Amino acid sequence: MSHNTIHWFRKGLRLHDNLALLEGIRNSAEWRAVFVLDPWFVQNAKVGPNRWRFLMQCLEDLNNSLNKLGSRLFVIRGNPNEVFPKLFKKWEITQLTFEVDTEPYAKQRDQTITDLAKKHQIDVLQRVSHTLYDTKQIIKKNGGSAPGTYQRCLTVMSQLGAPPQPEPTLSKDDIKGCKLCMDACGFTADIPTLEELNVKENDLETCLYVGGESEALKRLDKYMTRQQWVCNFEKPKTEPNSINPSTTVLSPYLKFGCLSARTFYHRLNEIYRHNKKHSGPPVSLEGQLYWREFFTTVGSDTPNFDKMVGNPICRQIPWDDNTQFLEAWKHGKTGYPFIDAIMVQLRREGWIHHLARHAVACFLTRGDLWISWEEGQKVFEELLLDADWSLNAGNWMWLSASAFFHQYFRVYSPVAFGKKTDKNGDFIRKYLPVLQNFPAQYIYEPWKAPLKVQEKFKCIIGKDYPKPIVDHDVVRQLNIKKMAAAYAKNKEAKEESPKKKKQKVK
DNA sequence: GGCGTAGTTGAACTC
DNA sequence: AGAGTTCAACTACGC
């Protein structure tokens with residue numbers, strides 16, 4: 001078989017552990033790598049400037065790596081449905097390869113393109129490499145539906161054995177005898193500038209996390225050399241508000257597939273093998289990869305997974321519409337410095353710690369503002385470098401006690417939670433400079449500072465920094481009661497519907 | 001991977 | 001030496 005092949009990059013922006021890429025190139029006479037940039041997305045998708053920059057860095061790095069092998073990346077502008085027929089024709093394509101994507105939007109897109117390819121008598125080769133397992137296998141092993149809990153998912157995965165070993169990185173040997181085409185044949189195919197993506201220099205802060213496979217592997221190496229740290233890692237014990245991240249920040253690289261989850265998994269297990277004592281799921285680093293697997297699997301199998309209505313696993317809760325509260329939360333103006341500092345970090349840097357996500361998510365939903373988790377999901381979707389459709393929806397449902405997690409009376413305190421790991425409030429001082437000189441005594445609740453203190457440190461509450469938009473101690477109690485009522489109502493509804501079914505059967 | 005309160009335990013410290 | 005004090009660290013409970 002000697003194909004003229006396009007490998008279509010979407011996620012999986014890497015040359016290591018990329019089976020579809022490898023298999024495709026091995027049976028090809030001519031080979032090209034393509035990333036399709038849909039202008040519709042540039043105009044309409046909620047992608048913040050930080051993530052556009054991260055993505056472009058990923059593409060640049062990929063192009064550089066391909067250059068070293070004598071190849072290149074073609075970034076083609078247009079809707080895939082319109083672009084591919086042109087590319088198929090112009091380049092006389094006979095094979096299209098890409099990585100399996102389980103998100104509903106992607107599944108539909110890929111089905112359309114697969115049908116299109118078949119019309120052109122083009123072979124389509126898809127391989128699983130974004131996840132540890134083929135999520136379809138997990139569902140099959142679980143009896144045809146996705147595991148409902150993390151524990152259940154662990155059991156099913158253990159029955160499937162260890163995830164496959166990573167595939168070797170694409171090398172010069174793999175492409176020997178294969179013609180690597182460099183000519184774009186009239187298509188615009190270079191890496192877009194930020195300008196083309198409507199990203200203004202002014203919208204960008206200093207880049208803390210550079211996108212791309214090279215950076216991903218460097219970062220992985222850096223953390224994997226700290227063997228004791230890896231073995232002792234327990235996620236809940238890491239700090240949400242340390243000035244330097246207390247976790248690996250590999251999530252953006254996993255999201256785009258700059259780093260293979262399987263590569264990460266097997267590196268971890270090498271370390272675990274050499275160290276008898278090590279932490280385990282759900283709190284270990286390996287456990288974090290399993291969380292990703294769990295949410296991806298449930299997300300692939302649940303209708304309307306990113307919505308409340310029509311989502312069979314999501315509790316129906318009568319959230320409020322409150323534009324004013326939502327805007328305050330989005331822009332770090334709730335009057336609770338711990339919450340606001342996290343939201344500023346999110347917007348500025350594109351990454352916040354897992355427990356910081358807990359704190360602000362609880363605050364927006366069941367804890368304080370009583371606003372739907374879907375609104376929070378949209379904000380995270382825009383601002384997080386690691387925004388992942390399944391993990392984002394799954395974790396928002398978790399935190400709002402809409403699914404997976406049900407202990408709605410466990411409410412994070414926007415005052416007490418941060419104090420445990422940052423008594424002096426250094427994190428707050430960094431992201432809310434207006435409070436920089438406030439005494440530690442008042443830094444988490446500045447409205448309690450006497451006016452003289454506010455004047456002395458040049459921050460009048462209500463003028464230079466907002467008064468708290470809600471009284472946490474009051475709304476917490478009200479919201480717990482509302483949750484109790486919603487739970488009771490959902491229970492009723494659930495008892496109603498199966499009965500009806502039974503009656504019908506009888 | 002909640003928090004505030006209340007109660008217990010035991011080590012370290014004081015005089 | 002030994003009784004009294006302090007305090008971190010723990011459990012238990014309700015929301």
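Note that this is a predicted model, so its numbers are computed, not measured. Naming: A, B, ... by sequence-line order, numbering from 1 per chain.
- In this model, a donor atom of one side chain and an acceptor atom of the other lie less than 3.5 Å apart for A:His353 and A:Thr238.
- Between A:Trp291 atom CH2 and B:dG1 atom C1' the separation is 9 Å, expressed in whole Å.
- Side-chain contact check for A:His130 and A:Arg292: at least one donor-acceptor pair (N or O, by modelled atom type) lies under 3.5 Å.
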A:Leu369 and A:Phe363: side chain to side chain contact (heavy atoms under 4.5 Å, CB included), yes or no, with the steps? CA-CA 6 Å; A:Leu369 303 185; A:Phe363 189 89; 3.7 Å; yes

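- Looking at heavy-atom distances under 4.0 Å, A:Lys235 makes contact with a base.
- With P as the reference atom, B:dG1 and C:dC10 are 13 Å apart, rounded to whole Å.
- Regarding A:Leu478, its CG atom lies at a distance of 15 Å from the P atom of C:dC15, rounded to whole Å.
- In this structure, the ring of A:Trp389 has its center no less than 6.0 angstrom from the ring center of A:Phe295.
- Residues forming a side chain to side chain contact (heavy atoms under 4.5 Å, CB included) with A:Val210 (at least two apart in sequence, or on another chain): A:Gln57, A:Cys207, A:Glu215.
- The pair A:Arg109-A:Glu103 does not meet the salt-bridge criterion, since no charged nitrogen lies less than 4.0 angstrom from a carboxylate oxygen.
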Between protein and nucleic acid, restricted to nucleotides 2-5 of chain B and to nitrogen or oxygen atoms under 3.5 Å apart, what atom pairs and distances do you find?
| residue | atom | partner | partner atom | Å |
| --- | --- | --- | --- | --- |
| B:dG2 | OP2 | A:Arg410 | NH1 | 3.4 |
| B:dG2 | N7 | A:Arg410 | NE | 3.4 |
| B:dG2 | N2 | A:Phe409 | O | 3.3 |
| B:dC3 | OP1 | A:Ser413 | N | 3.3 |
| B:dC3 | OP1 | A:Phe417 | N | 3.4 |
| B:dC3 | OP2 | A:Lys420 | NZ | 2.8 |

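- The distance between atom OH of A:Tyr487 and atom C1' of C:dC15, rounded to the nearest whole Å, is 14 Å.
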